[in-house]
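Some notes on the structure that comes next.
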Amino acid sequence: MNLFKRFQSEIVAVVEGLVAEHLLPPGLDTGRITAEPPRDPSHGDISTNAALVLAKGAKTKPRELAEMLAGRLGKHGGVISAEVAGAGFINLRLDDGFWRDRLIDVLVSGTAYGDSDIGKDAGKVNVEYVSTNPTGPLHIGHGRGAVFGDVLASLLEKAGFDVTREYYINDAGKGGQIEALARSVYHRYREALGEDPGEMAEGLYPGDYLIPVGQAIAERDGKKWLSKPEAEWMEHCANVGSDAMMALIRDDLEALSIHFAEEEFISERELHRRGKVDKAFNWLEQKGLIYTGVLEPPKGKIPDDYEEGREQPLFRTTDFGDDVDRPLKRANGNWTYFAADIAYHRDKFDRGFTTMIDVWGADHGGYVKRMKAAVEAITEGKGELDVKICQLVNLSDGGKPVKMSKRAGDFVTLREVVDRVGKDVVRFIMLTRRNDAPLDFDLEKVTEQSRDNPVFYVQYAHARAHSIFRHAHREFPGIDISPHNLAKGPLERLTRDDEIALIKLLTTWPRQVESAAETHEPHRIAFFLLELAAAFHGLWNKGNDDASLRFLVPGDEALTAARLALVRGVQLVIASGLGVLGVEPVEELR
RNA sequence: GCGCCCUUAGCUCAGUUGGAUAGAGCAGCGGCCUUCUAAGCCGCAGGUCGGAGGUUCGAAUCCUCCAGGGCGCGCCA
């Protein structure tokens, strides 16, 4: 439990005590009481709104109630003052000894500091991300979703949730992208056999990455498919093509340290094969959520093959907040993508996931309402879906925009970016912006060793701590710098405000983890690390002006040990945070 | 035409899920500095939180309307 929650429950206990003594009326709603670090540190260490929230129910003035509560809270261990301020806030100040004990907590816990159990009773959580069609390599935008999803999953794990990661393979699509893939593969196959199929048709995938796929088929099957009609080679080319592309995609993901186990790949084709789509449809029909109707023509661009006024089964998604009812079957009798997606989410729910998180790209924003509606319908309100939309990544190189047109050869793949700047850099940068805001990614800037580069800034803080320990060994041979030993050191030598302030910042880490996990906002971890790194660098810099403020104090091993404990605490929390981000906490920078 | 997201300092962005006098980094101005190997450092200035109403003890945060920007608007995935 984080520090602030602990105080919150202590405050609630005080209120309940006053109720028991008949000093306050029973039935007060204590649920809205908060205990938070105030924005302005001069307001103390912990601030509570208890009096403001309870005043109305208690039929007293906020400040009066605050005085009463403050009187009790002031007697709690570690509290040196409880002051009433503003409209009725109570500001608690804790003594330095209390904070030094918290540093011990950090040292004892190590990188497990920040672990939480808020997810313990929340049920199983499913995080679905990447989920691209197996039609080509990933691009930088996919990379953002991949990192976001992966880090969100780790974050939820750290917060104690039971998390499963999943990749949904859109490999069914008859008449869709999979067929386009198959034709593209066939084109390459013909080329491999020395034929000249001419220019690749519009809508196919002209990227070089399919050349080896065509070659492989040519090598294994020879001219077997050459004279056959499309109907015969289509399935084969689709299978070989999508298998090859999945292998490619997995490889791209591994380069980013993103790994899905075999059973974490869920195939759309497989859902169809196992009858899950029919099953979901029948269920909806039985619940009276399907009716036969005619859809309004689309408002935007009318498609060429648009067919007016066809009667078809429609799903009443408008009953669950969608804008229009949605078709589940296409004119050719096949299921729509949406139908399969409903079946997939139903399947998740059936497997016990009451919380589902989908990470999608910006272009799927218009799909959110219907999917949420579908989940509400198909789980009868018992399953919850949160869709996280990742906005576009604007890639540039030294300030010059990198073109990302779909035409092959003209697009930078995720893999190329990872190979150039490294996976740690890609992972971190992807979280330096909220998911719903566009992200600028400059290939040159992100590898600079400067204050402007957040990855470097945080990594450097960790490496700098390590460097201090190396020096410590030189200055005090035989000094034991293990966290366990430093925790037993003379921490009472930490007396400076800036040192205590740094400990206070460390103690907000568990709270950061919890709030980031609850809001599904992993970027908060990156921002916290930047703040912590800045505070640590700032303290280091004070040693420049005044040598007595350095972490290593020649001739005073006790003071040095105390300060090293603080450095170690910072290093551990940074490592803990980087662990969530999946970024290596380096000990040295090159 | 409709839906979703966004709008916070000159620029790029945070904002503890409704708290107190809205923060940081660049850029600007003014000083200082050469290290516990490393990013130079410190300070100053900079705001009608897009606009207008509303909800309440209290709003950048929630609701309504308006303006501007992005994305989307087949029975494609």
Side-chain angles (χ1 to χ4, degrees), chain A residues 4 32 34 36-40 43 47 49 52-53 55-56 61-62 85-89 91 131-133 135 170 172-173 175-178 180 268 295 297-307 310 312 322-324 326-332 334-341 361-369 389 391-392 432-434 436-438 440 448-454 456-457 460-461 463-464 467-472 474-475 508 511-512 515-516 518-519 521 523-524 527 530-531 533-534 537-538 540-545 547 550-554 567 588-589:
Chain A
F4 300 91
R32 287 171 60 215
T34 59
E36 310 180 303
R39 255 191 206 134
D40 184 345
H43 289 144
S47 171
N49 63 356
L52 291 165
V53 180
K56 196 174 270 184
K61 289 177 186 166
F89 287 97
N91 294 327
S131 296
T132 56
N133 308 320
T135 56
N170 298 141
Q177 282 143 356
I178 292 297
E268 183 186 356
L295 273 185
K299 297 290 187 203
K301 201 177 66 180
I302 304 293
D304 303 338
D305 57 349
Y306 178 70
E307 199 184 321
R310 191 171 70 83
Q312 57 180 329
D322 199 5
D323 303 316
V324 290
R326 303 291 175 178
L328 299 180
K329 272 185 179 174
R330 297 191 294 193
N332 64 8
N334 289 330
W335 293 112
T336 59
Y337 174 77
F338 184 45
D341 223 357
D363 52 341
H364 287 62
Y367 200 76
V368 176
K369 268 194 184 182
I389 297 289
Q391 285 299 329
L392 304 177
T432 53
R433 203 106 306 172
R434 272 173 30 215
D436 47 13
D440 294 323
E448 273 174 15
Q449 298 207 343
S450 80
R451 175 74 177 85
D452 300 346
N453 179 3
F456 172 75
Y457 197 61
Y460 179 32
R464 174 171 264 173
S467 151
I468 293 167
F469 293 127
R470 278 197 298 268
H471 273 81
R474 224 170 293 162
E475 191 70 39
T508 65
R511 196 165 173 273
Q512 296 284 348
S515 67
E518 275 171 347
T519 54
E521 291 185 351
H523 74 276
R524 293 183 185 213
F527 280 96
L530 276 167
E531 189 185 350
H537 290 311
W540 191 93
N541 282 320
K542 289 188 181 173
N544 280 338
D545 299 333
R550 295 184 178 183
F551 297 116
L552 302 179
V553 190
V567 173
E588 219 168 349
L589 293 167

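Computed from a predicted structure; not experimentally measured. All chains are named by letter (A, B, ...) in the order of the sequence lines, taking the proteins before the strands, and each is independently numbered beginning at 1.
Relative to the ring axis of F338(A), R326(A) does not place its NZ or CZ within 45° and under 6.0 Å from the centre.
When the nucleotides rG3(B), rG15(B), rA38(B) are ranked by their closest atom to the side chain of D323(A), rG3(B) comes out on top. When the nucleotides rG19(B), rC75(B), rA38(B) are ranked by their closest atom to the side chain of N49(A), rG19(B) comes out on top. Each of rA20(B), rA14(B), rA39(B) was ranked by its minimum atom distance to the side chain of F527(A); first place goes to rA14(B). For A87(A), the listed nucleotide lying nearest its side chain is rC57(B); candidates were rC6(B), rC57(B), rC75(B). Here the side chain of L392(A) is nearest to one of rC75(B), rC71(B), rG15(B), namely rC71(B). Nearest nucleotide to the F89(A) side chain, out of rG19(B), rC13(B), rA38(B): rG19(B). Comparing rU12(B), rU16(B), rC4(B) against the side chain of K369(A) picks out rC4(B) as the nearest. Among the nucleotides rA20(B), rC6(B), rA38(B), the one closest to any side-chain atom of L589(A) is rA38(B). Among the nucleotides rU17(B), rA20(B), rA38(B), the one closest to the side chain of T519(A) is rU17(B).
Across rA20(B) and rA59(B), the matching P atoms stand 10 Å from one another, rounded to whole Å. Between rC71(B) and rC13(B), the two P atoms lie 15 Å apart (nearest whole Å). When the C1' atom is compared between rG70(B) and rC44(B), the two are found 37 Å apart, to the nearest whole Å. Straight-line distance between the C1' atoms of rG25(B) and rA9(B): roughly 12 Å, to the nearest whole Å. Here the separation of rC66(B) from rU7(B), taken at their C1' atoms, is 14 Å to the nearest Å. To the nearest whole angstrom, the two C1' atoms, one in rG47(B) and one in rU21(B), are 13 Å apart. rU16(B) and rU55(B) have their C1' atoms separated by 23 Å, with the value rounded to a whole Å. Separation of the P atoms belonging to rU12(B) and rG1(B) is 28 Å when rounded to the nearest angstrom.
Counting atom types as modelled, N91(A) pairs a side-chain N or O with a base atom of rA20(B) as donor and acceptor under 3.5 Å. Side chain S47(A) to base rA20(B): a donor-acceptor pair is found below 3.5 Å. On a pure distance criterion of 3.5 Å, a polar donor-acceptor pair joins the side chain of N541(A) and the base of rA39(B).
Applying the Watson-Crick and G-U wobble criteria (two distances, each under 3.5 Å), rA24(B) pairs with rU12(B). Nucleotide rG19(B) has rC57(B) as its partner under the Watson-Crick or G-U criteria, with both atom distances under 3.5 Å. The partner of rG1(B) is rC73(B), judged by Watson-Crick or G-U wobble contacts that both fall below 3.5 Å. Base pairing of rA67(B) is made with rU7(B), judged by Watson-Crick or G-U wobble geometry with both donor-acceptor distances under 3.5 Å. Nucleotide rA38(B) forms no Watson-Crick or G-U wobble pair with any nucleotide shown, as no partner meets the under 3.5 Å limit on both distances. Shown here, rA45(B) forms no base pair; nothing in the strands shown gives a Watson-Crick or G-U wobble contact with both key distances under 3.5 Å.
Using the six-membered ring where Trp is involved, Y367(A) and H364(A) have ring planes that are perpendicular, over 60° apart on the 30 and 60° scheme.
P62(A) approaches A87(A) most closely through the heavy-atom pair CB-O, 3.5 Å. Counting all heavy atoms, side chain and backbone alike, N453(A) lies closest to E448(A) at ND2-O, 2.7 Å. The two residues S47(A) and F89(A) have their closest heavy-atom pair at OG-CD2, 3.7 Å. What you find for R330(A) and W335(A) is that their closest heavy atoms are NE-O, 3.8 Å.
No engagement by E531(A) is indicated, since no non-hydrogen atom pair under 4.0 Å with the nucleic acid exists. Nucleic acid contact class of E518(A) (heavy atoms, under 4.0 Å, all strands): base. Backbone-only engagement by F456(A) is indicated by non-hydrogen atom pairs under 4.0 Å involving sugar-phosphate atoms exclusively. Within the nucleic acid shown, H537(A) comes within 4.0 Å of at least one base atom, counting heavy atoms only. Contact annotation for S515(A): no contact, since no heavy-atom pair falls under 4.0 Å across all strands. Within the nucleic acid shown, K56(A) comes within 4.0 Å of sugar-phosphate atoms alone, with no base atom in reach, counting heavy atoms only. Across all strands, R39(A) comes closer than 4.0 Å to base atoms (heavy-atom distances). I389(A) comes within 4.0 angstrom of no nucleic acid atom, judged by non-hydrogen atoms across all strands. Residue Q312(A) is classed as a base contact, given a heavy-atom separation below 4.0 Å to a base. Residue-level contact check: P37(A) touches the bases, meaning some heavy atom is under 4.0 Å from a base atom. Using a 4.0 Å heavy-atom criterion, one finds that N544(A) contacts the bases of the nucleic acid, with or without backbone contacts as well. Residue contacts shown for A85(A) include a base, since a base heavy atom lies under 4.0 Å away. Among the atoms of the strands shown, base atoms are found under 4.0 Å from some heavy atom of Y367(A). Here R464(A) lies in heavy-atom contact (under 4.0 Å) with a base.
Separation of atoms NE2 (H537(A)) and CZ (R464(A)) is listed at 6.0 Å; rounding is to 0.5 Å.
Contact of the T508(A) side chain with the F4(A) side chain is registered, since non-hydrogen atoms from C-beta on lie closer than 4.5 Å. Taking 4.5 Å as the limit, every side-chain heavy atom of Q177(A) sits out of range of all side-chain heavy atoms of N170(A).
OP1 or OP2 of rA77(B) lies within a sub-4.0 Å distance of a side-chain N or O belonging to R330(A). Put simply, H523(A) has no side-chain N or O that comes within less than 4.0 Å of OP1 or OP2 on rU16(B).
With centroids closer than 5.5 Å and planes inclined by less than 30 degrees as the test, H364(A) and the base of rG72(B) fail to qualify as a stacked pair.
Glycosidic conformation, rU17(B): syn, with the torsion inside 90° of 0. Base orientation of rG74(B): syn (glycosidic angle within 90° of 0).
Checking G538(A) against F338(A), the closest nucleotide of RNA chain B that is more toward the 5' end is the one next to G538(A).
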